[in-house]
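Okay, so here's the structure we're looking at.
Computed over heavy atoms, backbone and side chain alike; hydrogens, waters and symmetry mates excluded. Computed from a predicted structure; not experimentally measured.
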Amino acid sequence: MAAVAAVTGVAALGLGAGPAAAAPDAKDPLRYVALGDSYSAGSGVLPLDPGAPLLCARTSLNYPHLLAASLGARLTDVTCGGAQTKHFTTSQYPGVAPQFDALKSDTELVTLTIGGNDNSTFINAILACGSAGVVSGGKGSPCKDLYGSKFKDQIDSTTYPAIKNSLSQIKAKSPKARIAILGYPWITPAKAEPGCFAKMPIADGDVPYLRDLQAHLNSAAQQAAAETGTTFVDLAAASDAHDACRPVGQRWIEPVLFGTNFVPVHPNALGEAGMAEQTAKALKLS
């Protein structure tokens with residue numbers, strides 16, 4: 001039901017498939033390449049894209065598919081769950097080509113999310129803070145106390161330059177393309193909220209710590225975008241109050257426990273629809 005509601009909502013905003021959303025010239029559709037990690041692949045949302053490698057866990061309801069349908073675009077979707085910046089130029093899995101192989105000189109639109117898997121930032125932080133939260137019974141800030149600025153330092157030293165370099169390479173390979181890198185929608189609320197610990201076992205003091213870490217990662221992507229002439233799709237305002245602590249039908253991100261996706265802490269169908277809408281707005285496509 002969530003998937004149906006998400007697609008219906010996108011269509012109502014002018015981002016749905018159908019004759020009304022077709023490109024002006026059906027003989028020459030927009031050449032669109034979607035790159036990136038699981039937030040772009042929509043990993044965890046069903047149905048799976050039948051044309052995607054199974055290990056990528058890509059859905060046919062991810063924001064690239066929704067955006068392409070709204071534009072009548074010719075989509076080449078090579079998004080893949082778990083992708084890091086290195087997988088733009090190297091194979092992620094046997095038989096899966098480097099993502100940049102999809103870029104052509106005549107590509108006209110490129111979108112991506114990337115950086116969350118570099119240094120395993122998201123995975124390590126969520127696992128570390130979740131484990132620490134369980135041990136502390138949800139009290140204090142054990143994760144912040146233990147790791148301090150470690151995750152931010154890794155973003156600054158390696159993730160940010162890798163994102164910037166990737167964006168520069170995209171521009172070189174597809175000089176005619178409009179390029180948009182999306183920030184990651186909020187995973188946690190700004191502060192601990194009653195009842196959320198059961199779904200997101202993070203100590204009260206570590207909830208704002210994780211939120212700040214995510215803001216730092218998004219800022220790195222925004223800075224890299226500004227320095228390479230790339231559009232940054234800021235999801236901070238749009239995804240506020242749609243974090244993993246919210247109820248079904250409101251949240252864009254599924255929680256660690258008791259979620260609906262088969263991959264936790266990732267966008268659901270509603271979240272992918274929201275990402276499609278915000279991307280269209282940022283690129284002035286709607």
Side-chain angles (χ1 to χ4, degrees), residues 35-41 43 56 79-93 98-100 112-136 140-170 179 181-191 200-228 230 232-236 239 243-244 253 256 263-267:
L35 308 171
D37 56 26
S38 53
Y39 273 56
S40 289
S43 299
C56 290
T79 59
C80 189
Q84 302 176 34
T85 51
K86 68 180 181 181
H87 297 126
F88 286 150
T89 55
T90 61
S91 176
Q92 184 174 348
Y93 299 115
Q99 292 192 21
F100 277 176
L112 66 152
T113 55
I114 202 68
N117 295 315
D118 285 42
N119 307 305
S120 299
T121 298
F122 274 171
I123 295 172
N124 285 348
I126 293 293
L127 288 177
C129 292
S131 299
V134 171
V135 172
S136 72
S141 55
C143 192
K144 178 181 178 181
D145 297 342
L146 182 61
Y147 293 98
S149 66
K150 174 185 175 181
F151 299 117
K152 282 187 175 182
D153 293 344
Q154 290 176 336
I155 290 170
D156 292 340
S157 63
T158 60
T159 305
Y160 155 70
I163 295 173
K164 182 179 178 181
N165 180 57
S166 296
L167 295 177
S168 295
Q169 289 187 65
I170 294 171
I179 307 165
I181 181 169
L182 287 70
Y184 292 96
W186 291 123
I187 296 172
T188 62
K191 60 182 181 179
M200 295 287 286
I202 298 167
D204 289 353
D206 285 333
V207 172
Y209 173 70
L210 279 179
R211 174 97 163 196
D212 185 56
L213 171 62
Q214 186 178 352
H216 195 76
L217 177 59
N218 284 339
S219 292
Q222 185 173 22
Q223 181 180 349
E227 293 174 349
T228 57
T230 301
F232 177 71
V233 182
D234 190 348
L235 295 169
S239 66
D243 55 76
I253 305 295
V256 172
V263 180
V265 199
H266 278 72

Answer yes if the side chains of [X] and [Y] hold a donor-acceptor pair under 3.5 Å, and no otherwise.
| X | Y | value |
| --- | --- | --- |
| T113 | S40 | yes |
| T159 | N119 | yes |
| Y184 | D37 | yes |

Check: [Y] and [X] side chains under 4.5 Å, non-hydrogen atoms:
| X | Y | result |
| --- | --- | --- |
| T85 | N165 | no |
| L167 | L112 | yes |
| I126 | L210 | yes |
| C129 | Y147 | no |
| Y209 | S141 | no |
| V265 | V256 | yes |
| V207 | K191 | no |
| D243 | M200 | no |

Taking all heavy atoms of [X] and all of [Y], pick out the closest pair and write down the distance.
| X | Y | value |
| --- | --- | --- |
| A225 | F232 | CB-CB, 3.9 Å |
| I163 | I114 | CD1-O, 3.8 Å |
| G81 | S43 | CA-OG, 3.6 Å |
| S38 | H266 | OG-NE2, 2.7 Å |
| Y160 | A220 | CD1-O, 3.6 Å |
| Q92 | G82 | NE2-C, 3.3 Å |

Taken in chain and number order and not counting sequence neighbours, the residues that satisfy ring pair (Phe, Tyr, Trp, His ring centres under 6.0 Å) with F100 are F88
Practice task
Dump the intermediate steps for side chain to side chain contact (heavy atoms under 4.5 Å, CB included) on I170 and L35, then the final yes or no.
Solution key: CA-CA 10 Å; I170 294 171; L35 308 171; 3.7 Å; yes
To the nearest 0.5 Å, what is the distance between [atom1] ([X]) and [atom2] ([Y])?
| X | Y | atom1 | atom2 | answer |
| --- | --- | --- | --- | --- |
| W186 | R211 | CH2 | CZ | 4.5 Å |
| Q84 | T121 | CD | OG1 | 9.0 Å |
| T79 | Q99 | OG1 | CD | 7.0 Å |
| K86 | S91 | NZ | OG | 11.0 Å |
| K144 | D206 | NZ | CG | 8.5 Å |
| L213 | I155 | CG | CD1 | 5.0 Å |

Here the salt bridge (Lys or Arg N to Asp or Glu O under 4.0 Å) pairs for residues 149-165, sequence neighbours left out, are K152-D212, K164-E227
Next item on the list: Please test N117 against Y39 for side chain to side chain contact (heavy atoms under 4.5 Å, CB included), starting from the C-alpha separation and ending with a verdict.
Entry: CA-CA 11 Å; N117 295 315; Y39 273 56; over 6 Å; no
